[in-house]
Amino acid sequence: MADDLGQELAIGIFGDVGGDIAQSAIAQGADKVYSVTSPMLADFQVELYLAAAETLCKETSPSIVLIARTNQGREVAPRLAFRLGVGLAQDCLEVSADAATGRLLANRPVYGGNAVAVVSCNQTPQVAAVRPKVYVPLEPDASRQGEVVSFPVDLDDSIVRSRVIEVVKEEAEGVKLEDATIVVSGGRGLGGPEPFAQLEELAKLLGGAVGASRAAVDSGWVPASYQVGLTGKTITPDLYITIAISGASQHMAGCSGSKAIVAINKDAEANIFKEARYGVIGDWEKVLAAMTETVRELVQE
Ligand SMILES: Cc1cc2nc3c(=O)[nH]c(=O)nc-3n(C[C@H](O)[C@H](O)[C@H](O)COP(=O)(O)OP(=O)(O)OC[C@H]3O[C@@H](n4cnc5c(N)ncnc54)[C@H](O)[C@@H]3O)c2cc1C
């Protein structure tokens, strides 16, 4: 986008994260890295990060601000846009720049993921929150040159209105759902919590993670952290295997970035088959057992 607009690509890195990250940002495309530092940025605290981001934007006057829609980004982006007196393009799946007008064009899901709207912002800076992992990072090029600018910020602790009292780490074995390159998800058609053990088995053989539809989560079969979809996690694995999931638009909103979807469902008319690259129409019990056996043989070879 910066190239299309003939502008510089700058990145703001918050907290003292060390020179390696700045250098790798340059190797992966940044022209300039603002290293935004303050002793108060050691841990994420929304009011402090927000104040630092606001200062950075006001002093550097970017034409476009892109923020990753991570948990932290979700907190910062709308407030930052408000403080800058502009709107926000939320939850973007794709962003591009119109070289003729200099406008940011952002694709974002609307109507519960049933349609994609292209929005443009008519104020500057144009702020967009982009779903993480929808883009493949550039191959690092160690010969790229860029500038690292030290950007100390003076933050006042009195602006902090919420405090982290405790951080509770969720115990999870194996690969995290959001990071997995292979995900096996189960839905209501599994009929109960027990079959998830078989999904775990297949996921383990493939080195992947297990997910679920909201129906399976709402039934209490698996924890909420398994949920993929509009109100769950957004995943972009290379391979997404869905088992007894109908493919409701709200589920697809969280997995449409998957490179290949494989669906197992007994209903040939299920929506998931419209989205899947490969599909097996049949009873999951028979298909999953055969699939797991074949994968086991292939893995052992
Ligand atoms: C505001 C809102 C937000 C939502 N957010 C989410 C979200 O984040 N994630 C999400 O998943 N949903 C979400 N939903 C719910 C969504 O609309 C669907 O209800 C849900 O995804 C359905 O889950 P499912 O596919 O497991 O169940 P169902 O739609 O009931 O589908 C079950 C499937 O299993 C198949 N099946 C049954 N038995 C077998 C068998 N023996 N072998 C093979 N196949 C079989 C059936 O043919 C069927 O297709 C949301 C809804 C709303 C309104």
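As the structure lists them, so they are numbered: ligands from 1, and atoms in each ligand from 1.
Annotation: atom 44 (N) of ligand 1 to nearest protein heavy atom, K266 N, 3.1 Å. Residue, atom and distance of the protein heavy atom nearest to atom 37 (C) of ligand 1 are G189 CA, 3.4 Å. For atom 9 (N) of ligand 1, the closest non-hydrogen atom on the protein side is V228 O, 2.8 Å. Atom 28 (P) of ligand 1 has as its closest protein heavy atom S246 OG, 3.6 Å. Protein heavy atom at the shortest distance from atom 4 (C) of ligand 1 is R214 NH1, 3.1 Å. Of the protein's non-hydrogen atoms, the one nearest atom 19 (O) of ligand 1 is R188 NH2, 4.2 Å. Annotation: atom 42 (N) of ligand 1 to nearest protein heavy atom, W284 N, 2.9 Å. Atom 7 (C) of ligand 1 has as its closest protein heavy atom Q227 NE2, 3.2 Å.
Looking only at atom types and distance, the side chain of S219 has no donor-acceptor partner in the side chain of R188 under 3.5 Å away. In the model, Q7 has a side-chain atom that pairs as donor or acceptor with a side-chain atom of S63 under 3.5 Å. S24 and Q28 share no donor-acceptor pair across their side chains, judged by distance under 3.5 Å alone. Side-chain polar atoms of E47 and Q45 form a donor-acceptor pair below 3.5 angstrom. A donor and an acceptor atom, one from each side chain of S185 and Y240, are located under 3.5 Å apart.
Here the OG atom belonging to S162 is positioned 7.5 Å from the CD atom belonging to E75, to the nearest 0.5 angstrom. One distance of note links CD1 of I26 with NZ of K32; it measures 11.0 Å at 0.5 Å rounding. Atoms CE and CG, from M1 and L104 in turn, are 4.5 Å apart once rounded to the nearest 0.5 Å. The OG1 atom of T181 sits 11.0 Å away from the CD1 atom of I235 when rounded to the nearest 0.5 Å.
Heavy-atom contacts of G187 reach the following atoms of ligand 1: 26 (O) (cutoff under 4.0 Å). Interface atoms of ligand 1 facing G229, defined by a heavy-atom separation under 4.0 Å, are 7 (C), 8 (O), 9 (N). Shown in contact with G282 at under 4.0 Å from a heavy atom are these atoms of ligand 1, numbered in order with element: 42 (N), 43 (C). The G232 neighbourhood of ligand 1 comprises atoms 8 (O), with distances under 4.0 Å to a heavy atom of that residue. Those atoms of ligand 1 with a heavy atom of D283 less than 4.0 angstrom away are 40 (C), 41 (N), 42 (N). The distance from ligand 1 to the heavy atoms of L230 drops below 4.0 Å at these ligand atoms: 7 (C), 8 (O). Remark: ligand 1 atoms within the under-4.0 Å shell around heavy atoms of A248 are 16 (C), 17 (O), 18 (C), 21 (O).
Between atom 17 (O) of ligand 1 and the options Q250, K233, M252, the minimum heavy-atom separation is to Q250. Nearest to atom 23 (O) of ligand 1 by heavy atom, out of A215, C255, A268, A212, is A215.
For ligand 1, the polar-atom distance check finds an N/O of A244 within less than 3.5 Å of one of the ligand's N/O atoms. Considering both main-chain and side-chain atoms, A270 never comes within under 3.5 Å of ligand 1 through any nitrogen or oxygen pair.
When non-hydrogen atoms are compared, ligand 1 lies under 4.0 Å from the backbone of S213 as well as from its side chain.
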Inset, instruction - Determine, stepwise, if the pair K259 / D238 fulfils salt bridge (Lys or Arg N to Asp or Glu O under 4.0 Å). - result: CA-CA 5 Å; K259 296 208 177 57; D238 293 340; 3.2 Å; yes
Inset, instruction - Could you give me the CA-CA distance, side-chain angles and deciding distance for R144 and D31, then say whether salt bridge (Lys or Arg N to Asp or Glu O under 4.0 Å) is met? - result: CA-CA 9 Å; R144 274 197 96 254; D31 300 314; 3.0 Å; yes
Inset, instruction - Report the C-alpha separation of K204 and E201 in whole Å, then their side-chain angles, then the decisive distance to 0.1 Å, and conclude whether the salt bridge (Lys or Arg N to Asp or Glu O under 4.0 Å) test is met. - result: CA-CA 5 Å; K204 205 168 167 192; E201 194 187 347; over 6 Å; no
Legend entry - Intermediate values then yes/no, salt bridge (Lys or Arg N to Asp or Glu O under 4.0 Å), E54 and K58: CA-CA 6 Å; E54 183 186 357; K58 287 191 170 156; 2.7 Å; yes
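Heavy atoms of S249 stay at 4.0 angstrom or farther from ligand 1.
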